[in-house]
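Here the structure is laid out as structure tokens; the discussion comes afterwards.
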Amino acid sequence: MTFREVPANVDFIAQEYEILRFWKETHAFEAMRELHRGQPTWSFIDGPITANNPMGVHHGWGRTYKDLFNRFWTMRGRELRYQNGFDCQGLWVEVEVEKELGFKSKRDIEAYGLDRFVRKCKERVLRYAAVQTEQSIRLGYWMDWNDPDQLRWLADLIVEDPSRVITVQGPLGPVTDTVEQIVARLGMPELGGSYFTFSDENNHMIWTFLKKCWQKGWLYRGADVMPWCPRCATGISQHEIVTDGYVEMTHPGVTLRFPLRNRPGESLLVWTTTPWTLTSNVAAAVGPALTYVKLRHNGEILYLSKGTLHMLKGPYEILAEMPGSALEGWTYEGPFDELEAARMPGGYPEQEELIRDIKESACDAHRVILWDEVGETEGTGVVHIAPGCGAEDFQLAKQHRLPMIAPLDEEGYFTAHFDWLSGKHVTEVREMIFEHLRHKGILYDVSSYVHRYPVCWRCKTELVFRLVDEWFISMGPVYDKPREALSKEEKERSLRYQIMDIVSQIRWIPEFGYAREMDWLYNMHDWMISKKRYWGLALPFWSCPQCGHYEVIGDEFELEARAAAGWEEFAGHTPHRPYIDAVKIRCPRCQELMSRIPDVGNPWLDAGIVSFSTLRYRSDREYWRKWYPAHWISESFPGQFRNWFYSLLAMATVLENSPPFLQNFGYATLLAEDGRPMHKSWGNAIEFNDAADKMGVDVMRWLYCSQKPDQNLLFGYRRADETRRRFLIPLWNAYNFLVTYARLDQWEPATDGFDPAQPEGALPQTETLLDRWILARINQIVGRCTEALENSDAYTATVLIEEFLDDLTNWYVRRSRRRFWKSEHDADKKDAYATLYYVLVRLVRLLAPFTPFVTEAMYQNLVREVHPQAYNSVHHTSWPLADVAAVDEHLLKRMELARRVASLGLGARGSANIKVRQPLQKALVYLSDASMASMMDDAMRAIIVDELNVKSLEIVSDESTLVRYQVLPDNKLLGPRFGAVFPKVRAALMAANTKEIVQQVRNGFPISLVVDGETVQLSPEEIIVQTQPAAGLSVAAEKGITVAVDTVITAELRAEGLAREIVRRIQTQRKDAGFNIEDRITTYFIADGELAKVVHEWADYIKAETLTVSLIPGQPPHEAFVQQHAIEGMPITLGLHRR
RNA sequence: GGGCCUGUAGCUCAGUCGGUUAGAGCAUCCCUCUGAUAAGGGGAAGGUCACUAGUUCGAGUCUAGUCAGGCCCA
């Protein structure tokens, strides 16, 4: 048995597909799970990926980390759950389904039918879950995946016939149920596979959470002015708006007059960028501390703040100045006082309880109020207040007991009581409003104004602000003192501080993640969890139409027990709209039938509950205890601090007051190679599938892992090519080298004592320094990589491995080539094979979690071909343990020195312009310190001599011919000693006689210098003697090492150089002729003069090097492969013939 | 407006406790090696360490400010 032949030019991508097939056929993933069942756990909870579109390359980054660390801990001997998750519910799915169906508004959805619409949403989720599953498998992400075809089948059925009864195979046996119920049970123990947040279990578990919030008094219904998307017809929460939600926009800034009621001819000057809100004006606010001016301008009297006078067009005359507080209580005529809405007592909000005891109409209420927040950076210092159209306006109205007018309906149309505006859309009224103001004679100016304005994060529609009622989870007060100083009672009252205590128990990588999460918690408002939409968690809140009482239902059992009507209609369906809405319960206060509020839940509830719902919190507490908390979670940090991380933390704090995860590994943002975000329209986007099939996923994965995670990743094909060239190809070449020669030599590894978990076997016992060096290196990096990965540091591991790979290919293999190539089968050759084999197999296992495909290909050949007892897959082997005995630090240092000397020697040759092929007499090496000199033993010298192609190496102790000296003060010692005088000491030292000082220092004597007329003594330790290469020689030097080469080329050396040249030509010609490495040949040559002489004198050498059996002068026969050459202008014809 | 991060070669980035001549990879040019070659090696060129001021014997490194970019929050 020996290795299979390895192609030098392998198609890595085709190979990846072969390996995918191999894994599938051999059930490699399942076999790996079996191997680790019952071992200590390592719990990873995968954050649900939105199953709404194909995966992007940015998902590939995160999923590579997840797979890497899953595989690492698996190989370390841990049991894992391997459950992927799909995020299924929420507006983002609705928006895409609306697009698919060509819908424009909520009315289209209602006309289509809620039941069908919800099923279309489920269908879309199942289809994209199938796509993402396939893509993840392609990436090599080993998880307990569903069969993508089965997901697609369910997608078809959920639309066609959800009530059809089907049977599917689960891990515990067949499961029979309706399509709707099977879909609702995906990810449950009996079905296995990924979890889906639309599952019944997920939804019911959230009910349990909400009920607990309700019981603690943290859940409330509140009216507030919220950002609102008129297209989606729903409120947008703070979570959704902060980052993605703002866009730079140009709006008209309109300046207008509010004529003062008791001051004829006088007006307040007011400015706004949202003209539609003027319809709902109630008051005007001024800053009490700002200075206001009364001025005459174009024949009228205006008031505005002194810092905003630049708003005026044309000359003005200031008549008086006054503080803002002087304006308080002035009354004015509003711009739309003729509207019915402005004349209704209390105003016109939907929520009548807000104005229950307010009798004034907006019209009556128009007055100047004081507000500290009024500024002068924009506007006129007089702020128009419309409590139904702005969050701060609303707060002021509550404070000042002002009426409120809410002009817009859900979709942004003016409601009744707005006369000519009623039924018009907010986006179409701008010009009409200007015309109205102009007609009334109160419009002063309109000019464009650029500012950042919120838009809907999903559909990019400009948001408006609407007075609505929504449901919130209270975050509790923010106290004006540090967290440590809070009393127990204060903390009890404030959920945010309880979450902070949990956050402190978690390790955040990178560390600033901790501060980010804390910052969010300090600043977070109450969490708005309701959305007036269709597809999502049905909020389990029932309200009484009679008495206004609310009830919160904690789970499906409570619902069934309390159902007073509609249960038959609901039974058999998932707890989604519309069927859940049929269920009515009895009001405990007034016995009326209560209905569910129509709102659905915020999708971060769905994602945040998974550390309970997927870990069987309700059904199997022991299982939950086994897997909770997660040891590790990971996501891209932009966004997740306020989303997934936050919701996980909040929900675990409420339910268990404990951390849901122990370590959080965050990574930055993936950008295109041009440093910009990827955008299809910019042409810089790369689709995941394209990337995978053009780069190969091993390359992608290595690229991802070798990125510093806290820095943005610039992803692209150039970077991928570089990665392939720097990492994958050298790795393959080293492997190809071993296999090529092992096949020629029929070499195979020892089989006694074979352990499938550690298939490279025991450390080879070899005397050769080069072998012992590479064995030390591999074991050194095994230890270091283990430590790095234990700390979630993939980057450091990749750096270590790349350095090692360079050592292996560009030093070990290159230096060892002859040992493999030579014809004797001696102990040295055996050592070389044993060493390279051990190193490669060990490296393959080290790399397996990073690049699972190429390592599998190598393992199959290197291990499985020769060991019948081997595990089927490299991913079934264990993580390598560092053999500390092999890590000979001294040897590592010596080899490093030898490599530096060799490198300098090549530099010296280069500067003399002498080819390496030309042998030279000797190299001279000067080492400045004794410890380095002691490292230069015979073995190291032999390596350097060979590498530099010199006959001998001489260590010189009198370096004076090679170098000149420079004397420097040791700043670290002398700086502190002399302080301000130091520059003079330095100058004196530099001015002194260098040669004498070097002499003194070398002999260990102190130096006396005269500084400012005083004599100071410096000890030898305080002086640094540096050497630099003497000018004009073929010398190269770096810190402490100087290397020179003897450039005299004698006749013998020249002949040898020519012989090597001839050998190289024959070798190239062999290759051109297509001969095999091991083929013996006859070589014919035609040459005369010096070349003929060289061929004769060096015949044995030439024959040995080129596997020439006979070397024959004269015309080659026809069948020979013939080429003409010129060496230094001398012609030579060579003919090769395979025997 | 506040907070955090970043600014080093054409590009992507290292740079430890403040210390002696600021490095790597890629790209460019020259040279070279080669039966693992989609490689490899040596060299050249490329720097106002964003700017300004300060602390210090000494600043890429510490401090303050300015400018630019990014992120988070108002």
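Remember, predicted model here, so these are calculated numbers, not experimental data. All chains are named by letter (A, B, ...) in the order of the sequence lines, taking the proteins before the strands, and each is independently numbered beginning at 1.
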In whole angstrom, what separates A:Leu744's CG from B:A36's C1'? 13 Å
Expressed in whole Å, how much space separates the P atoms belonging to B:G47 and B:G23? 14 Å
For B:A53 versus B:U12, give the span between their C1' atoms, rounded off to a whole number of Å. 32 Å
Which stems does RNA chain B form, counting runs of 3 or more consecutive Watson-Crick or G-U wobble pairs with both distances under 3.5 Å? B:1-7 with B:67-73, B:10-13 with B:23-26, B:28-32 with B:40-44, B:50-54 with B:62-66
What contact category does A:Arg718 fall into here, base, sugar-phosphate, or nothing, at under 4.0 angstrom with non-hydrogen atoms? nothing
From the list B:G35, B:U34, B:G40, which nucleotide is the closest neighbour of the side chain of A:Asn810? B:G40
Pick the C1' atom in B:A50 and in B:G2, then give their distance to the nearest Å. 24 Å
Testing B:A38, B:C72, B:U34 for proximity to the side chain of A:Arg724, the answer is B:A38
Check step by step if side chain to side chain contact (heavy atoms under 4.5 Å, CB included) holds for A:Phe804 and A:Val839. CA-CA 11 Å; A:Phe804 173 78; A:Val839 167; 3.5 Å; yes
Please determine if A:Asp519 and A:Arg516 form a salt bridge, counting it only when a charged side-chain N lies under 4.0 Å from a carboxylate O. no
A:Asn523 CG to B:G2 C1': how many Å, rounded? 10 Å
Which nucleotide, B:G35, B:C72, B:A39, lies nearest any side-chain atom of A:Phe1075? B:G35
Please state the P separation for the pair B:U6 and B:G43 - nearest whole angstrom. 33 Å
Rounded distance in Å - CG (A:Asp807) to P (B:G41): 11 Å
Taking A:Phe820 as the fixed residue, which of A:Val813, A:Leu744, A:Asp745, A:Leu836 is the one that meets the side chain to side chain contact (heavy atoms under 4.5 Å, CB included) rule? A:Leu836
Is B:C17 in the syn or the anti form, by the rule that syn lies within 90° of 0? syn
Across the strands shown, which category fits A:Arg817 at heavy-atom distances under 4.0 angstrom: base, sugar-phosphate, nothing? base
Okay, side chain of A:Asp11, backbone of A:Ile13: is any donor-acceptor separation there less than 3.5 Å? yes
Quick check: any donor-acceptor pair below 3.5 Å linking the side-chain of A:Arg725 to the base of B:A39? no
Which nucleotide wins on minimum distance to the side chain of A:Ile729, given the candidates B:G25, B:A36, B:A38? B:A38
From B:U12, B:G35, B:C72, pick the nucleotide closest to the side chain of A:Asp519? B:C72
Hey, does the side chain of A:His525 come within less than 4.0 Å of B:C73's phosphate (OP1/OP2), counting only N and O? no
Nucleotide nearest A:Asp806 when distance is taken to its side chain, options B:C26, B:U20, B:G41: B:G41
Nearest to the side chain of A:Asn733 - B:A39, B:G19, B:U34? B:A39
Any donor-acceptor pair under 3.5 Å linking the side chain of A:Arg496 with the backbone of A:Met524? yes
Heavy atoms only, 4.0 Å cut-off, all strands: where does A:Lys708 land among base, sugar-phosphate and nothing? sugar-phosphate
In whole angstroms, how far is the C1' atom of B:C73 from the CG atom of A:Asn643? 14 Å
Can we say A:Arg1070 and A:Asp1079 salt-bridge, meaning some charged N sits less than 4.0 Å from an Asp/Glu carboxylate O? no
Do you know which two heavy atoms are closest between A:Asp1072 and A:Gln1123, and how far apart they sit? OD2-NE2, 3.4 Å
Taking atom C1' of B:G19 as reference, at what distance in whole Å does atom CG of A:Leu973 sit? 10 Å
Regarding A:Glu1105 and A:Arg818, does a basic nitrogen lie under 4.0 Å from an acidic carboxylate oxygen? yes
What interatomic distance, in whole Å, is found between C1' of B:C33 and the corresponding atom of B:G69? 45 Å
Indicate, with a heavy-atom threshold strictly under 4.0 Å, whether A:Pro730 touches base, sugar-phosphate, or nothing. nothing
From the candidates B:C57, B:A36, B:U20, the one with an atom nearest any side-chain atom of A:Asp970 is B:U20
B:G19 P sits how many Å from A:Glu1021 CD, rounded? 22 Å
Please state the P separation for the pair B:G65 and B:C5 - nearest whole angstrom. 13 Å
With heavy atoms under 4.0 Å as the rule, sort A:Arg986 into base, sugar-phosphate or nothing. nothing
Measure the distance from CG on A:Asp1079 to C1' on B:G35 and round it to the nearest whole Å. 11 Å
Taking the C1' atom of each, how far is B:U28 from B:A64, in whole Å? 41 Å
Is A:Tyr735 near enough to B:A36 that one of its side-chain N or O atoms lies under 4.0 angstrom from OP1 or OP2? no
Candidates B:U37, B:C72, B:G40 - which lies nearest the side chain of A:Arg642: B:C72
Checking all strands, does A:Thr1068 fall into the base, sugar-phosphate, or nothing category for heavy-atom contacts under 4.0 angstrom? nothing
Taking the side chain of A:Glu722 as its heavy atoms from C-beta onward, which of B:U37, B:G25, B:U20 lies nearest to it? B:G25
Backbone of A:Phe3 reached by a side-chain donor or acceptor of A:Arg743 within 3.5 Å: yes
Residue pair A:Ile1066/A:Gly975 against RNA chain B: nearer the 5' end by closest nucleotide is A:Ile1066
Ring pair (Phe, Tyr, Trp, His ring centres under 6.0 Å) partner of A:Phe12, chosen from A:Trp732, A:Trp702, A:Phe727: A:Trp732
Contact class for A:Val6 (heavy atom, under 4.0 Å): base, sugar-phosphate, or nothing? nothing
Please report the distance separating the C1' of B:C29 from the corresponding atom of B:A9, rounded so that it comes out in whole Å. 16 Å
Counting only N and O atoms by type, is there a donor-acceptor contact under 3.5 Å from the side chain of A:Gln1069 to the main-chain atoms of A:Phe1121? yes
Any donor-acceptor pair under 3.5 Å between the side chain of A:Arg1070 and the base of B:G35? yes
Whole angstrom value for the distance that separates P of B:U32 from CG of A:Asn949: 15 Å
Quick one: on RNA chain B, does A:Glu392 or A:Gln1067 contact a more 5' nucleotide (nearest heavy atom)? A:Gln1067
